[in-house]
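Note sheet for the following structure.
If you read the sequence from its start, that first residue is 1, and numbering goes on from there. These numbers come from the heavy atoms of this one structure, side chains and all, not from hydrogens, waters or symmetry mates.
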Amino acid sequence: MTDPTSRSPSLKPLLATLRGERQAVPPLWLMRQAGRYLPEYRELRAEKGGFLALATDPDAAAEVTLQPIRRFGFDGSILFSDILMIPWALGQDLSFGVGEGPRLEPALVDHALDRLQPVIGRLEPVYGTVAKVAAALPPETTFLGFAGSPWTVATYMVAGKGSKDQSETRRFAYRDPEAFGAIIDAIADNTAEYLARQIEAGVDVVQLFDSWSGSLSPAQFERWVIAPTASIVERLHERCPGVPIIGFPKGAGGKLPAYARETGVDAIGLDETVDPVWAHASLPADMPVQGNLDPLALIAGGADLDAAIDRILAAFVERPHVFNLGHGILPDTPIAHVEQLIARVRSTT
């Protein structure tokens, strides 16, 4: 087991930033930086025969996690895995079809949670991957673990797949809040343990992805996003003191200040729809922020990319800031544009 307090933040700019220390040059990493825009990733995935086989092979998953660090020298390395590992461990069958999103069976809109047979051992390869990556990373690179937040994970568990407006899950939550609450509680309990185990295996930081939080009304957001996130954060802070937790409630918009105040997260990720000037003025003073370049601006490149980068850097010049995208990097992103982004951010004086 690795003691997270033994990893010196002075050697890790990203970790220091998430602990509240402003950097002259903001540290940089990209969501989904290990993935389909890299030819070395595509080659390894084809060799393994599919996403789940790749993600559950510690040697292969560690290699994928390290690929963007070797190529670009990002300040952060994020574990290669998926937010649906928890449903898989809870007993749903997980598959990734060619050309379509993930599928979970049976969908809980028609089946009770207690009919599932948990297989918690399915998570063990993830901890093996963490240990391998932690041993191989440069000493200055911060290692990020992650999980899906309960609301977003529940939307997949209930519907059995992704959806545009999460209507099946929202209907379920209104129709039977007690049954839906049991699903949320099961996810939260297992997520807290899952993230703690990632930390104990070697990650420096964890991020909670709430990709579908923007579909909820304020009252439902409070109940199904803020409350379970706060529960996870409280347990992690108690069990793993000193390890920063980034919350990323995509689409939360005007609900971001409440999320930042009430969940207890140490830093907050901003999607590309958030005005960084508004975010700086509205979020708690000195709270580290992460983001929020539009992934399409990265695809555009050129002067438009430079201008977008500069606007974000200017907005957060007085606040601890981790430069990142507002969501995951897209598969058709030119590698040259990633290199342009890195050069622009690191030219900051």
Side-chain angles (χ1 to χ4, degrees), residues 1-19 21 27-35 41 44 54-86 88-89 120-149 190-209 232-233 235-248 265-267 269 288 290 322 324:
M1 180 187 302
T2 303
D3 176 5
T5 62
S6 70
R7 293 168 240 153
S8 171
S10 64
L11 297 176
K12 297 176 183 284
L14 195 158
L15 181 58
T17 301
L18 293 172
R19 288 176 171 166
E21 181 182 314
L28 166 68
W29 70 279
L30 303 179
M31 287 182 280
R32 293 185 185 160
Q33 67 188 25
Y41 169 81
L44 184 55
L54 186 57
T56 55
D57 178 332
D59 288 327
E63 168 61 22
V64 171
T65 303
L66 293 165
Q67 284 173 347
I69 305 306
R70 296 194 199 104
R71 181 184 278 270
F72 300 115
F74 289 123
D75 297 292
S77 178
I78 188 162
L79 171 69
F80 179 74
S81 188
D82 193 81
I83 65 168
L84 299 183
M85 299 302 285
I86 289 292
W88 192 48
I120 301 303
R122 286 173 167 171
L123 299 176
E124 290 298 326
V126 176
Y127 312 134
T129 300
V130 171
K132 288 178 180 293
V133 174
L137 280 174
E140 68 275 13
T141 307
T142 297
F143 189 11
L144 299 101
F146 75 94
S149 292
N190 283 275
T191 299
E193 176 66 18
Y194 180 49
L195 291 176
R197 290 283 306 276
Q198 289 184 34
I199 292 165
E200 290 162 0
V203 304
D204 300 299
V205 176
V206 293
Q207 175 159 315
L208 282 162
F209 285 86
I232 293 169
V233 170
R235 282 180 272 186
L236 286 176
H237 279 161
E238 181 177 347
R239 181 164 166 179
C240 308
V243 175
I245 303 167
I246 307 168
F248 178 53
V265 295
D266 302 287
Q290 178 176 277
V322 174
N324 207 316

Separation of Asp75 CG from Ile69 CD1 (nearest 0.5 Å) = 8.5 Å
Hey, is the main chain of Phe146 close enough, under 3.5 Å, to the side chain of Gln198 for a donor-acceptor pair?
-> yes
Taken to the nearest 0.5 Å, the spacing of Thr17 OG1 from Arg19 CZ works out to 11.0 Å
Decide yes or no for Val322 and Ile246: does some side-chain heavy atom of the first lie under 4.5 Å from some side-chain heavy atom of the second?
-> no
Taking C-beta and beyond as the side chain, do Leu66 and Leu137 meet within less than 4.5 Å on heavy atoms?
-> yes
Are any side-chain N or O atoms of Asn324 and backbone N or O atoms of Met31, one a donor and one an acceptor, separated by less than 3.5 Å?
-> yes
Tell me, with the steps shown, if Val130 and Glu200 meet side-chain contact (heavy atoms from CB on, under 4.5 Å).
-> CA-CA 9 Å; Val130 171; Glu200 290 162 0; over 6 Å; no
Quick check: does any side chain N or O of Gln290 sit under 3.5 Å from a backbone N or O of Phe248, one acting as donor and the other as acceptor?
-> no
Atom CZ of Arg122 and atom OG1 of Thr56: how far apart are they, to the nearest 0.5 Å?
-> 10.5 Å
OH on Tyr194 to CE on Met85, rounded to 0.5 Å = 5.5 Å
Using atom types as modelled and distance alone, determine if a side-chain donor or acceptor of Arg235 lies under 3.5 Å from a backbone N or O of Ala192.
-> no
For Arg197, which residues count as a salt bridge (Lys or Arg N to Asp or Glu O under 4.0 Å) partner, sequence neighbours excluded?
-> Glu124
Closest approach of Pro13 to Glu140 (non-hydrogen atoms, all atoms of both residues) = CD-O, 3.6 Å
Nearest atoms (heavy-atom pairs only) where Pro244 meets Gly242 | CD-O, 3.3 Å
Between CD of Gln207 and CH2 of Trp29, what distance do you get to the nearest 0.5 Å?
-> 4.5 Å
After noting the C-alpha distance and the side-chain angles of Ile86 and Leu123, does the key distance pass the side-chain contact (heavy atoms from CB on, under 4.5 Å) rule?
-> CA-CA 8 Å; Ile86 289 292; Leu123 299 176; 4.2 Å; yes
Within the distance-only criterion (no hydrogens, no angle test), does the side chain of Lys12 pair as donor or acceptor with the backbone N or O of Thr141 below 3.5 angstrom?
-> yes
Do the side chain of Thr142 and the main chain of Leu15 share a donor and acceptor less than 3.5 angstrom apart?
-> yes
Under 3.5 Å, sequence neighbours excluded: what are the donor-acceptor pairs made by side chains of residues 77-84?
| unit_1 | atom_1 | unit_2 | atom_2 | d |
| --- | --- | --- | --- | --- |
| Ser77 | OG | Thr65 | O | 3.4 |
| Asp82 | OD2 | Leu84 | N | 2.9 |

Roughly how far, to the nearest 0.5 Å, is the CD atom of Gln67 from the CG atom of Leu44?
-> 6.0 Å
Residue of the set Val205, Leu18, Leu195, Asp266 for which side-chain contact (heavy atoms from CB on, under 4.5 Å) holds with Ile245 | Asp266
